[in-house]
Amino acid sequence: MSKKKSKKNTNTVKQVITDNTEIQEVKENDDTAKKDDTKNEEPVLTEEKQDVEEKTDAVDNDAKDDNEELKKEEEKKADTEQKPILPRKRKIVKNNQLIIVLCITIVTFITAVVWSVFFNRDITGSWYYIHTGEYTESPDTISKDDTDIKPKTHTYTQRVCYSFDDDGVCTVTLGSMSVKGPYQIMNSGKDSMISAGVYYQTTPLLYGNYNYTVSGNIFTGRKLTLYIENGDKSEIIMDRGDGDFSLQRFEDEKLDERLYGRWKNPDVNEYFTFKDDGHMILEIDNTIVVDHVYTVMDGVVLAKYETDSEQSFSYNFSFDDQGRFMLNGSIMEKVD
């Protein structure tokens with residue numbers, strides 16, 4: 001009985017051990033599976049942990065950016081030390097509008113120059129010609145004892161200048177005397193015409209209607225031709241400019257500084273201008289201007305001018321106790 005029980009107990013123990021062993025293996029396998037599952041599962045982050053990680057990543061990124069910027073600055077410094085500084089190249093931006101305006105300006109300027117040089121037919125400005133004429137001595141110059149002597153005839157040359165301004169005023173200069181008068185341009189068909197009314201006292205200097213042409217250029221010289229109709233057709237050909245003319249000053253010239261300046265005669269509409277270069281300008285009625293040369297001697301102003309011949313005049317002058325200037329008995333007013 002005892003042997004059978006022991007055998008039976010032995011078998012029972014073995015069976016228990018075997019069962020325990022299998023149970024342990026099953027547990028180990030479950031633990032291993034759990035560990036594997038744990039490895040495969042992604043960790044679950046709370047909001048706090050996620051914020052901390054994001055801040056950490058941002059700090060790491062800023063640090064990386066700072067490091068990269070430091071590296072770039074160090075590279076730039078190294079390049080600057082090694083390479084010479086070259087001037088910065090600028091892009092050239094084409095301004096087509098400016099180019100077009102510049103081209104138009106240049107073309108306009110060239111056109112104006114060409115027109116002025118070759119095709120300008122404007123008479124505004126000064127034109128002159130040299131007139132040759134004759135004059136006879138006045139009977140007063142012949143002595144009463146020489147009744148048999150006939151008056152002498154003299155030949156003279158005279159500069160005649162016509163000046164046309166933009167205000168419709170024409171100035172005709174004969175020698176050193178100038179006379180002003182009105183003029184206007186008229187067009188009659190194909191012909192250009194000028195109408196003028198310039199005369200000295202009762203003598204016409206440029207009076208009536210004249211057809212005219214302008215020819216030449218600045219290289220060959222411009223010419224103004226006036227056509228006069230008085231039964232037979234005649235013409236006056238003038239060159240551009242004022243011409244050459246000068247009065248000969250007195251050899252023993254003496255001047256008085258007290259006379260210098262412009263004076264008005266209140267009794268008549270006359271102005272006298274005495275200059276320090278020996279010239280005296282007489283203006284009459286704002287129409288006639290006569291250029292004289294003068295000298296002073298013994299209370300007398302001796303002056304001369306020239307038209308078709310040389311003319312001389314004398315003026316008595318003095319200064320009173322108050323320093324007033326008197327010319328031929330008239331008290332003169334200083335203008336400037």
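If you're wondering where the values come from, they're calculated on a predicted model, not measured in any experiment.
Between Arg258 and Asp256, at least one side-chain N (NZ, or NE/NH1/NH2) sits under 4.0 Å from a carboxylate O, which counts as a salt bridge.
Here CE of Met326 is found 11.0 Å from CG of Asn265. Values are rounded to the nearest 0.5 Å. Atoms OG1 and OH, on Thr202 and Tyr200 in that order, are 9.5 Å from each other to the nearest 0.5 Å. One distance of note links CG of Asp267 with CD1 of Ile331; it measures 8.5 Å at 0.5 Å rounding. The NE2 atom of His131 sits 9.0 Å away from atom CG of Leu174, with the distance rounded to the nearest 0.5 Å. Distance check, rounded to the nearest 0.5 Å: CG of Asp242 to CZ of Arg159 gives 6.5 Å.
The shortest distance between side-chain heavy atoms of Tyr227 and Thr213 falls below 4.5 Å. Side-chain contact between Ile236 and Trp127: absent, with no pair of heavy atoms (C-beta onward) separated by less than 4.5 Å. Residues Leu226 and Ile194 meet the side-chain proximity criterion, which asks for heavy atoms closer than 4.5 Å. Between Arg222 and Val214, the closest side-chain pair of non-hydrogen atoms falls below 4.5 Å. By the 4.5 Å heavy-atom criterion applied to side chains, Tyr260 and Leu255 are counted as neighbours. Residues Val198 and Tyr183 fail the side-chain proximity criterion, which asks for heavy atoms closer than 4.5 Å. Side-chain contact between Phe272 and Leu282 is present, with heavy atoms from C-beta onward closer than 4.5 Å. Contact check for Lys264 versus Tyr271: side-chain heavy atoms found under the 4.5 Å cut-off.
Smallest separation of non-hydrogen atoms from Glu333 and Pro266: OE2-CB, 3.9 Å. When every heavy atom of Arg240 is checked against every heavy atom of Tyr128, the shortest pair comes out as O-CE2, 3.8 Å.
Cluster partners of Val169 are absent, since no Ile, Leu, Val, Met, Phe, Trp or Tyr has side-chain heavy atoms less than 4.5 Å from it. Grouped with Leu302 in one hydrophobic cluster are Phe245, Leu247, Phe250, Val293, Met297, the linkage being side-chain heavy-atom contacts under 4.5 Å among Ile, Leu, Val, Met, Phe, Trp and Tyr residues.
Not counting sequence neighbours, the partners of Lys223 by the salt bridge (Lys or Arg N to Asp or Glu O under 4.0 Å) test are Asp239. The salt bridge (Lys or Arg N to Asp or Glu O under 4.0 Å) check on Asp165 picks up nothing, with sequence neighbours excluded. For Asp320, the salt bridge (Lys or Arg N to Asp or Glu O under 4.0 Å) partners at least two apart in sequence or on another chain are Arg324. The ring pair (Phe, Tyr, Trp, His ring centres under 6.0 Å) check on Phe325 picks up Trp263, Phe319, with sequence neighbours excluded.
Ser176 contributes a side-chain N or O that, together with a main-chain N or O of Glu306, makes up a donor-acceptor pair within less than 3.5 Å. The backbone N or O of Thr307 lies less than 3.5 Å from a partner atom in the side chain of Gln158, making a donor-acceptor pair. A distance-only check finds no donor-acceptor pair linking the side chain of Thr124 to the backbone of Asp122 [under 3.5 Å]. No donor-acceptor pair under 3.5 Å is formed between the side chain of Lys180 and the backbone N or O of Val289. With hydrogens and angles ignored, the 3.5 Å screen pairs a side-chain donor or acceptor of Thr295 with a backbone N or O of Lys254. Checked by atom type and distance alone, the side chain of Asn316 never pairs as donor or acceptor with a backbone atom of Asn328 at under 3.5 Å.
By the 30° and 60° cut-offs, the orientation of the rings of Phe164 relative to Tyr162 is parallel. The aromatic rings of Tyr305 and Phe313 lie parallel to each other, with less than 30° between the two planes, well short of the 60° mark.
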